[in-house]
Protein chains: 2
Amino acid sequence: MNEAVSVDLARLRRSCANCSLQQLCLPAGIGVDALARLEAIVRRPRTLRRGERLYRIGDPLGAVYVASSGAFKTASLSESGEEQVTGFHLPGELIGLDGLGEGAHRCEAVALVDSHVCEVPLERLTAVALQLPGLHEQLLRVIGRSMDRDHLHTDLLVRRQAHERLALFLLGLSERYAQIGQSAREFRLPMSREEVARYLGLALETVSRGLTRMQEDGVLAVHGRRVEVLDREALSALAHGREGCAEADPGKRRQA
Amino acid sequence: MNEAVSVDLARLRRSCANCSLQQLCLPAGIGVDALARLEAIVRRPRTLRRGERLYRIGDPLGAVYVASSGAFKTASLSESGEEQVTGFHLPGELIGLDGLGEGAHRCEAVALVDSHVCEVPLERLTAVALQLPGLHEQLLRVIGRSMDRDHLHTDLLVRRQAHERLALFLLGLSERYAQIGQSAREFRLPMSREEVARYLGLALETVSRGLTRMQEDGVLAVHGRRVEVLDREALSALAHGREGCAEADPGKRRQA
DNA sequence: CGGTGATTTGAAATCAGTCAAGGATCGTGG
DNA sequence: CCACGATCCTTGACTGATTTCAAATCACCG
């Protein structure tokens, strides 16, 4: 199934109308005429290799982006010079809204794996949106969804237990993979342990130990960046601070 | 000075044109004609007493709000039923954007002290924005600024040291007070220690201890909710993980 | 088949959380 | 104006989790 989707995406369909992400992307819910207008301003998918930057900190905000395949991270630099990972972006999720406030990007966006992105010049987008109320509303909705994802991130971060954050993170990723038609049960993390750590506000060793622990508990199977969710219930319980559930079952854990 | 501002705001000026927050609010930078259109749809300031709710979780998203005086918090409920404080809102800062994604509020907004808010019905706002490109851009800019504040919040939360989070929080608050013409050096926290803790992802005792410690170090003077910044440099150093600066000076701290 | 970076693992030290009181403060009503 | 109660805030001692530092192992690329 992953294969199928991947091949499909790789084909780089020429129009939004044929894009398998249409339901998630800007076009969601707008009419055919509006879709045509939108298509006219979207730059055709661009390829980025693993490690390439979509934009850098300080770049003027000129466009928003949606990956059609691959994965991105956005990251900012703290004053002490450390990288802060502010988000991970899967296909269909808007990238580039940072710096809507100041007109320049406060983050950089980096491809975590080879990826394809559609670029939507902001100027033209707003011009069209002004003429098409439907697109305007859709734009606000998409921005809102992006804020919702940010909110989920802060939701992670206020958790004080490392394994809660980790479980919530994995659960969220799993759901997002499901949304783009990939398996929610088994997937490959596009980011390193260190990037996960910087996203979760943890030390990278803590992330590693957390994964090991969940594996010992039979919640996950982990092989490098390959993750398989063995017990979704338990994962969900961990995520919501009710680890007692798994703990109540003796024998599942190696030796506590 | 605080007195003066407070009295001034209490007068509840009748129009955006005369509002002392004009530079920060939706009207910032739009023309006189646009301002008139905007004024026409803004509901006159409403009074909320300390503890009153502007909206509740699940309420359909009908309007956005800007306080002209006072202070608000927005908070959501985690699945375990605990309150998560997602933001504090001072005069001039937009409230109510949560739930732009789903059309219903995911947070509740509560007045922390007696406050006045202007209400801008979203439907009418977008209708007017479609006719006035300037207002549309301004709307995006204001939304962007709101996202910037959220981003600052996650910036706090990825910090692993409690005193970094606290210092950054106070610094940010101080700057925001300065923006609305109040003292950046001395102010009164509108929220409880517990609310600060829930915002910073810390235990309330840790917040209290942190404030005590900064007081002992001569960085702050704290009397209940009254905070005076004695050494802005040191506070900034703490915020950015360079506490070595303060520490290098022996004698400033009580007994280390 | 090395080599280089990523990941895991270990052990010690630190830091923050929890539980439990003791004080301070604020608003209210007398 | 003062007393009272409720809430908020501070403090202490202890425990547990997470960070740090260090080293070993693994995985992938050329």
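In the text below, chain A, chain B and the rest are named by the order of the sequence lines, each starting its count at 1.
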**OP:** Indicate, with a heavy-atom threshold strictly under 4.0 Å, whether B:Arg209 touches base, sugar-phosphate, or nothing.
**Re:** base

Subject >> 5'-most by nearest nucleotide on DNA chain C - B:Leu202 or B:Arg188 >> reply: B:Leu202

Subject >> A:Ala203 or B:Thr206, whichever maps to the more 5' nucleotide of DNA chain D >> reply: B:Thr206

Original post:
Taking atom types as modelled, is there a side-chain donor on B:His240 or A:Ser78 under 3.5 Å from an acceptor on the other?
Top reply: no

Subject >> Rounded distance in Å - CG (A:Leu200) to C1' (D:dT18) >> reply: 14 Å

Subject >> Short N-O contact, B:Asp114 and B:Arg49, less than 4.0 angstrom >> reply: yes

Original post:
Whole Å only: how far is the CZ atom of A:Arg193 from the P atom of D:dC28?
Top reply: 12 Å

Subject >> Validation row, ring centre B:Tyr199 to ring centre B:Phe169 under 6.0 Å >> reply: yes

Original post:
Given atom CZ of A:Arg198 and atom P of D:dT19, what is their separation to the nearest angstrom?
Top reply: 13 Å

Original post:
Between B:Arg225 and B:Arg160, which has a closest nucleotide on DNA chain D that is more 5'?
Top reply: B:Arg225

Original post:
Rounded to whole angstrom units, what separation is found between the CE atom of B:Met214 and the P atom of D:dC9?
Top reply: 16 Å

**OP:** Under 4.0 Å between any heavy atoms, over every strand shown, what does B:Thr212 touch: base, sugar-phosphate, or nothing? Just pick one.
**Re:** sugar-phosphate

Original post:
Can you check the A:Glu82 CD to D:dT20 C1' distance for me, whole Å?
Top reply: 14 Å

Original post:
CZ of B:Arg213 versus C1' of C:dC15: gap in Å, rounded?
Top reply: 11 Å

Original post:
Is B:Leu166 close to B:Leu200 at the side-chain level, that is, under 4.5 Å between some pair of heavy atoms?
Top reply: yes

Original post:
So what does A:Ser192 touch, heavy atoms closer than 4.0 Å: a base, only the sugar-phosphate, or nothing?
Top reply: sugar-phosphate

**OP:** Give a yes/no on whether any side-chain N or O of B:Gln161 is located under 4.0 angstrom from OP1 or OP2 of C:dA16.
**Re:** yes

**OP:** Starting at atom CG of B:Asp114, determine the distance to atom C1' of C:dG27, rounded to an integer number of angstrom.
**Re:** 13 Å

Subject >> Base D:dC8 to side chain B:Glu195, donor-acceptor N/O within 3.5 Å cut-off >> reply: no

Original post:
Between A:Leu204 (CG) and C:dG10 (C1'), how many Å, whole number?
Top reply: 15 Å

Subject >> A:Arg56 and A:Glu108 ion-paired at < 4.0 Å >> reply: no

Original post:
So what does A:Arg165 hit on the nucleic acid, given a heavy-atom distance under 4.0 Å: a base, only sugar-phosphate, or nothing?
Top reply: nothing

